[in-house]
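Here is the structure we will look at, set down as structure tokens.
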Amino acid sequence: MHWADVLAEDLLKENKKHVLATGITPSGPIHVGNMREVLTTDAVYRSVLKKNGDAELIYIADDFDNLRRVYPFLPKTYEKHVGKPLSDIPCPCNKHKSYAEHYLSSFLDSLKELGVNPTVYKASEMYKTGLYEESIQIALENTDKICKIIEKISKRQLPKNWIPFNIRCEKCGKITSAEPVLYDYPYIDYTCSCGYEGRANVTKGGLGKLPWRIDWPARWKILNVTFEPFGKDHGTVGGTHDTGVAIAKEIFNYTPPKYIMYEFILLKGKGAMHSSKGTALSADEMLKMTPPEVLRFLLMDNHPNKHIQFDPGLGILNLVDEYDQQERAYFKIEEEIKGTKDLIETYELSQPYEIPKKIPFQLPYRHLVTLVQTGENWKDIKKILTRTNQIPKDLSKEDEDHLKQRVEHVQYWLENFAPDMVKFKVKKQLPKINLTDEQTNFLKKLNDKLPDIKWEAENIHNGIYEISEQEKIPIKTAFTTIYQIILGQEKGPRAGFFLSNLDKDFVVKRVKEAVK
RNA sequence: GGGCCUGUAGCUCAGCUAGGUAGAGCAUCUGGCUUUUAACCAGGUGGCCGAGGGUUCGAAUCCCUCCAGGCCCGCCA
């Protein structure tokens, strides 16, 4: 059984409406690792719905959390914003309402592309509209109890006058620097390190925030959360999940949601991703080089408790190939590889939106890598594909869109991540090269033969071999020569297929030129 | 120090939740049309299922101990 179904069935033991929650703090570019949490939740959500359960998928952006420090990708001027809620900090590009919006909006766009459509909650709004009011009161009334729970479970010492509420200083706007002096419901008198002394009315929204260890369980109750995954960093003993569970039960009288702890996505050769260390791959970027169904596939095919090594280099080609292979198996065009796990569920969960009724038109991804570099744009590429009969004349609109979308992904990959060995450029002019006599001889023979070759991959390929045999020219030399005069490099894509994609006249002309 | 996960063929991993004759892909070897930057087909080789103990008629699978590796663990989600 697919892991999402296992989790869904566990939820369905209770016949009620399930709220599946996921949340990420938009403190910077949101990376693929974070994406795992959202897609994991989405998978379980879909599975519950499929089994006729009642479910809602929600996404909570904790934009009321404060900026911890000036991250490497931020200008120095952000120093003055450290400590303020993300929703109160100006946008780095000035196009969004706030710092939080800046990172959130592109992430939400990515989610849409992946077919994830949660109800979005923003913590800043939840606080400002008073959704947290009751929880704040309960927390403050139970300060001692909460303090004991946290100290006992996390083995951490809290400061003497600690209260489960971070006051936002009215003057400087920071939620990290105000110290409570006196608490008399509903007022808290405080002094801030900026010198301000003030009084906060906790029943008025937005004057402060519950610390994370209390915020999380409070949120479960406010939104009736029944399921929420979290990364292994929270799963540690005495960690925020442990204290959250205890606080939910003992303070908020709420049964903690079910969960799954997920492993991290590691970047091949670089290890775990950290935005702050520059070793993160943002969700945006990943989606630009990986088709959405393939990105989903990567996560659906791997149990959340397994870490994923993601290779943005050649590995991506294998990943897409693997996806295509499973797609063919799903549509029974070829046999599934023995031992494939949950083929049907995995494929269906990988679809961003509708599950195709028939198999989408496939072109091997590696071919696309060559094609994309042969043609200038989609029009060009389509022309080549049509001329070489690689796509049917009556290609459907959906199939064309699908193909075009893949071409765009390949282009982005080639520009940003592909290793040099797969890159090439068809030179507009004959490159400056020194050819040996043997090579020149080969080109002469090729020049004679070319006009008679029917312009198809296999014929071209065979033609090259014939010359090689007749003239006793090593086949390797033959290929190298071709790559040199067209690409200006010694290696290149499979020659027959490659040349057939080029215009015949162009090749004939180039060979003629090279012989001179 | 604590926690989670992993250990099965040369490599990457299924199989373990419901115990019942050890599997796949790649690599390698052989044969077929000399086949390029990782696009063929057919067949073969290859494993003390990390080690030890226990439960059982029977264990890769369940229980215990140990060993090795990965990752995580400050009011940093």
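Per chain, numbering begins at 1; letters A, B, ... match sequence-line order.
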Say we look at B/A42 and B/G10: how far apart would their P atoms be, to the nearest angstrom?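 About 24 Å, rounded to a whole number of Å.
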
P gap between B/G7 and B/C49, integer Å: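 So the two P atoms sit 14 Å from each other.
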
I want to know whether A/Y259 and A/F230 have ring centres closer than 6.0 Å.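 Yes, ring centres under 6.0 Å apart.
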
If you check every side-chain atom of [X], which of [options] has the closest atom?
X	options	value
A/H367	B/G70, B/U36, B/A39	B/A39
A/Y483	B/U36, B/G2, B/U37	B/U36
A/K232	B/U37, B/A39, B/C71	B/C71
A/N305	B/A39, B/U6, B/U37	B/U6
A/D233	B/C73, B/U37, B/G70	B/C73

Assign the ring pair A/F73 / A/Y71 to parallel, tilted or perpendicular, where the plane angle (0 to 90°) is split at 30° and 60°.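 Taking A/Y71 first and then A/F73, their aromatic rings lie parallel (interplane angle under 30°).
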
Atom [atom1] of [X] to atom [atom2] of [N]: distance rounded to whole Å?
X	N	atom1	atom2	value
A/Q489	B/U36	CD	P	17 Å
A/L343	B/A14	CG	C1'	14 Å
A/D321	B/A39	CG	C1'	9 Å
A/N501	B/U36	CG	P	18 Å
A/M261	B/G3	CE	P	12 Å
A/R328	B/A39	CZ	P	14 Å
A/D301	B/G25	CG	P	16 Å
A/E322	B/A14	CD	C1'	12 Å

Using 4.0 Å as the upper bound for N to carboxylate O, is an ion pair formed by [Y] and [X]?
X	Y	result
A/R219	A/E228	yes
A/R406	A/D324	yes
A/K232	A/E263	yes

Would one find a side-chain N or O of [X] under 4.0 angstrom from OP1 or OP2 of [N]?
X	N	result
A/K306	B/A14	yes
A/R494	B/A39	yes
A/K491	B/U37	yes

Does A/Y465 contact B/U34 through a side-chain donor or acceptor facing the base, at a distance under 3.5 Å?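 Counting by modelled atom types and ignoring angles, no donor-acceptor contact under 3.5 Å is found here.
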
Please evaluate the base of B/U36 for a donor-acceptor partner in the side chain of A/H461 within a cut-off of under 3.5 Å?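 Pair found.
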
Pick base, sugar-phosphate or nothing for A/P493, based on heavy-atom distances below 4.0 Å to the nucleic acid.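 Base contact - A/P493 has a heavy atom under 4.0 Å of at least one base atom.
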
For A/R213 and A/T240, does a side-chain donor sit closer than 3.5 Å to a side-chain acceptor?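 Absent: no donor and acceptor within the cut-off.
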
